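Order of the sequence lines sets the chain letters (A, B, ...), proteins ahead of strands, with each chain counted from 1. In this text, all values refer to a predicted model and were calculated from it rather than measured experimentally.
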There are 2 protein chains.
Amino acid sequence: MKRVSIKDVALKAGVSTALVSYVLNDRHTNRISKLTAEKIKNAAKELNYRPNSIARSLKAKKTNTIALLVADIANPFASQIARIIEDEISIKGYVILIGSSDENAEKLHQLIDIFLNRQVDGFIILPVEGSEKYILDLAKTKAPVVIIDRYFNNMDLPVITTNNYGAAYQATEHLIKRGKKNIGLLTFKTELIHLNERVNGYKRAVLDKGLINKSENIKYINETNIDVEVPNAIDELLSNEDKIDALFFATNKLALAGLRKLMVLNIKIPEELALITFDESEAFDIFKVPVTHIKQPLYEISKEAVEIITGMIEDKNLKFKPRVYNSKLIIKQSS
Amino acid sequence: MKRVSIKDVALKAGVSTALVSYVLNDRHTNRISKLTAEKIKNAAKELNYRPNSIARSLKAKKTNTIALLVADIANPFASQIARIIEDEISIKGYVILIGSSDENAEKLHQLIDIFLNRQVDGFIILPVEGSEKYILDLAKTKAPVVIIDRYFNNMDLPVITTNNYGAAYQATEHLIKRGKKNIGLLTFKTELIHLNERVNGYKRAVLDKGLINKSENIKYINETNIDVEVPNAIDELLSNEDKIDALFFATNKLALAGLRKLMVLNIKIPEELALITFDESEAFDIFKVPVTHIKQPLYEISKEAVEIITGMIEDKNLKFKPRVYNSKLIIKQSS
DNA sequence: CTGAAAGCGCTTACAG
DNA sequence: CTGAAAGCGCTTACAG
């Protein structure tokens with residue numbers, strides 16, 4: 001089963017490969033005779049010719065391929081972004097190579113290497129903790145890079161993200177307006193800035209509204225041990241004599257673990273305990289009461305990432321400025 | 001910013017490109033002098049040389065790339081499979097190109113075309129309704145193809161799936177053993193065999209256990225209109241004088257829409273209405289009561305798909321037999 | 001032990 | 001209007 005090449009088409013049509021290339025790519029067709037063009041098209045069709053993108057890429061030094069490197073493709077947050085990006089970018093004639101770094105900086109490093117060798121035209125990266133140096137090294141190769149969602153400070157790269165600080169502030173403020181006075185926060189123990197910004201937004205709102213920040217109200221969970229630490233943290237937050245009357249989950253994963261725990265506790269929501277969480281989940285609507293959450297602008301982030309990466313590919317000197325999109329607080333019965 | 005090629009390395013090391021290729025690929029190294037090998041390795045390192053996979057692919061007629069074409073990457077079912085496949089296949093040195101056909105046969109057709117042109121070494125496909133002919137056309141090109149999850153009859157292709165009929169039978173039987181006598185079923189209006197097998201399993205179990213199949217107990221939902229039709233269907237199922245005492249959801253998407261509806265109804269679960277659903281979801285654990293569900297063997301299916309596709313790539317005449325993995329009924333309080 | 005050369009399947013500047 | 005030829009960056013059979 002030999003693949004048919006442009007040579008076979010040329011042979012069959014009795015012309016040179018150059019003409020075949022021109023006709024099939026619709027170039028210089030004004031100076032090619034109609035008859036020849038017809039012959040070529042027919043030959044191509046009869047032989048069921050398909051152009052070899054690999055050969056074309058080699059010649060053109062462009063693969064029309066973009067690497068999308070996410071922290072975990074099985075996380076709905078990432079898979080939804082992947083779907084939108086895939087849709088948007090295919091309109092522009094690109095294809096997405098997805099890599100899932102499994103929250104592991106070393107794996108991200110490997111993926112970057114593999115995709116550099118594969119000559120992708122650009123990278124859209126949702127970084128993981130500790131991956132800063134690999135991303136900076138990548139940027140040094142002059143490969144176009146766009147960072148989404150998570151980010152690092154002082155990176156001279158296009159960053160597209162949501163207003164983590166502001167959204168957390170708004171959510172906390174909302175709880176306080178509802179009369180809550182002692183708000184717990186569950187977050188990850190991490191150096192990731194976007195998460196720590198959420199903590200900062202929470203703290204600031206507490207302060208601004210005349211409440212006090214108690215360090216024992218913030219629980220830092222190890223990502224790798226969620227299922228044990230989240231229930232424990234909730235037990236602690238609720239067992240203080242000064243127990244919390246509202247709980248803020250900093251991510252969807254934390255919320256899911258937390259809601260599972262709260263299922264088995266006999267607590268009135270929102271009267272005894274109000275709930276609010278970052279991110280969305282198909283689960284939030286079917287909890288005891290639907291859960292108030294912060295809806296991130298996935299569509300805007302994804303679309304902007306596509307715009308910028310394709311823009312950078314076409315114009316290496318493209319100026320960019322970081323984009324911060326606002327999240328939306330979706331108020332439900334849990335608060 | 002010129003990319004450094006094997007020529008640059010050869011020049012710097014003062015040898016031919018052939019030697020560079022041999023050394024860097026660890027071939028014929030036994031007949032290359034240590035000194036030369038050192039020189040080459042150093043030159044490559046100093047120049048920060050990276051082999052161009054595209055050029056290699058062109059020469060080798062192998063891209064080490066596999067297309068994974070799913071119905072919807074944003075569906076957790078697909079994104080979990082994607083993650084497992086990505087992990088497994090990277091061990092074997094392949095990279096996954098993901099395409100999401102959005103439950104649209106035409107889009108799947110386009111994706112197949114694009115990926116054929118890109119010379120992927122093989123396809124793992126989760127088909128959509130109406131895509132049978134495109135998949136058969138693809139198979140005719142002799143490209144290795146593995147079908148997962150959904151399938152068509154009489155396709156001489158490796159199909160890896162779960163025991164849809166048996167799992168639905170078991171689930172229905174379980175409900176009947178719990179004393180339920182009038183079981184509703186929500187499924188999609190579709191020609192997809194795997195779903196209709198679920199209906200068949202349900203019907204057979206009803207029959208075998210001495211109950212009667214009532215056509216009004218099965219509701220066929222239009223995929224595109226879930227959020228309207230599911231609540232309506234549930235209203236109907238519950239408003240009969242002879243109303244149902246158990247409800248079986250044929251997929252996770254149907255279950256989610258159904259659970260949202262049941263949230264607002266005042267029904268005792270499982271006493272008045274027992275629930276059971278195909279697939280998993282992070283949501284099922286936090287419903288009023290955790291939901292009994294059929295856990296499909298995602299890991300086994302994914303791993304087997306990787307084994308078969310890589311096997312077929314390495315040996316075009318590989319014999320395969322369809323593999324059916326058993327699902328597992330996870331019994332929770334909803335039944 | 002090493003190098004010159006062909007070739008993978010395209011595109012494109014050039015010559016006629 | 002059309003063709004011969006070079007070249008993208010590799011690999012590899014062959015010759016020495």
### Task
May I have the distance from A:Ile54 (atom CD1) to C:dC10 (atom C1'), rounded to whole angstrom?
11 Å
#### Entry: CD/A:Glu191: more than 12 non-hydrogen atoms of other groups inside 6.0 Å
no
### Task
Report the distance from atom CZ of A:Arg3 to atom C1' of C:dC10, rounded to the nearest whole Å.
12 Å
### Task
Round to the nearest Å and state the distance from A:Lys59 atom NZ to D:dC10 atom P.
15 Å
### Query
Given D:dC10, is OP1 or OP2 found less than 4.0 Å from the side-chain N or O atoms of B:Ser53?
no
#### Entry: Enclosure of A:Lys316 NZ (heavy-atom neighbours >12, cutoff 6.0 Å)
yes
### Query
Does the side chain of A:Ser16 get closer than 4.0 angstrom to OP1 or OP2 of D:dG3 through an N or O atom?
yes
### 5′-ward residue of the pair B:Ala60/B:Ala37 relative to DNA chain C
B:Ala37
### Task
Grab the CG-P distance between B:Leu19 and C:dA4 for me, whole Å please.
11 Å
### Message
Considering every strand and a 4.0 Å limit on heavy-atom distances, what is the contact class for A:Thr36: base, sugar-phosphate, or nothing?
### Response
sugar-phosphate
### Query
Side-chain N or O of A:Arg27 less than 4.0 angstrom from OP1 or OP2 on C:dT12?
yes
### B:Tyr22 vs B:Leu58, nearer the 5' end of DNA chain D by closest nucleotide
B:Leu58
### Query
Is it true that B:Glu103 and B:Arg150 have a side-chain N and a carboxylate O under 4.0 angstrom from each other?
yes
### Message
Over all strands shown, is A:Ser21 touching base, sugar-phosphate only, or nothing at heavy-atom distances under 4.0 angstrom?
### Response
base
### Task
Flag the pair B:Arg3 and B:Asp8 as a salt bridge only when some basic side-chain nitrogen lies within less than 4.0 angstrom of an acidic carboxylate oxygen.
no
### Task
Return the orientation label for the B:Phe123 and B:Phe115 ring planes: parallel under 30°, perpendicular over 60°, tilted otherwise.
perpendicular
#### Entry: Rounded distance (Å) that lies between atom C1' of D:dA5 and atom NZ of A:Lys7
13 Å
### Task
In whole angstrom, give the distance that lies between atom CZ of B:Arg118 and atom P of C:dG9.
18 Å
### Query
Around A:Asp315, counting heavy atoms of other residues, nucleotides and ligands shown, do more than 12 lie under 6.0 Å from its CG?
yes
### Query
The side chain of A:Asn25 lies closest to which of these nucleotides: D:dG9, C:dT11, C:dA5?
C:dT11
### Task
Check whether any side-chain nitrogen or oxygen of A:Thr17 sits under 4.0 Å from OP1 or OP2 of C:dG9, and answer yes or no.
no
### Message
Between B:Glu314 and B:Lys62 (salt bridge meaning N to carboxylate O under 4.0 Å), is one present in this structure?
### Response
no
### Task
Go through DNA chain D and write down every stem, that is, every run of at least three consecutive Watson-Crick or G-U wobble pairs with distances under 3.5 Å, as range with range.
C:1-3 with D:14-16, C:5-12 with D:5-12, C:14-16 with D:1-3
#### Entry: Interatomic distance where NZ belongs to B:Lys34 and P belongs to C:dT2 [whole Å]
14 Å
### Message
If you compare all heavy atoms of A:Ala44 against all heavy atoms of A:Val9, which two are closest, and at what distance to 0.1 Å?
### Response
N-CG1, 3.9 Å
## Note on the structure
Nearest-nucleotide check on DNA chain C, A:Asn52 vs B:Val15; residue mapping nearer the 5' end is B:Val15
### Euclidean distance, atom CZ of residue B:Arg56 to atom C1' of C:dG9 [Å, nearest integer]
18 Å
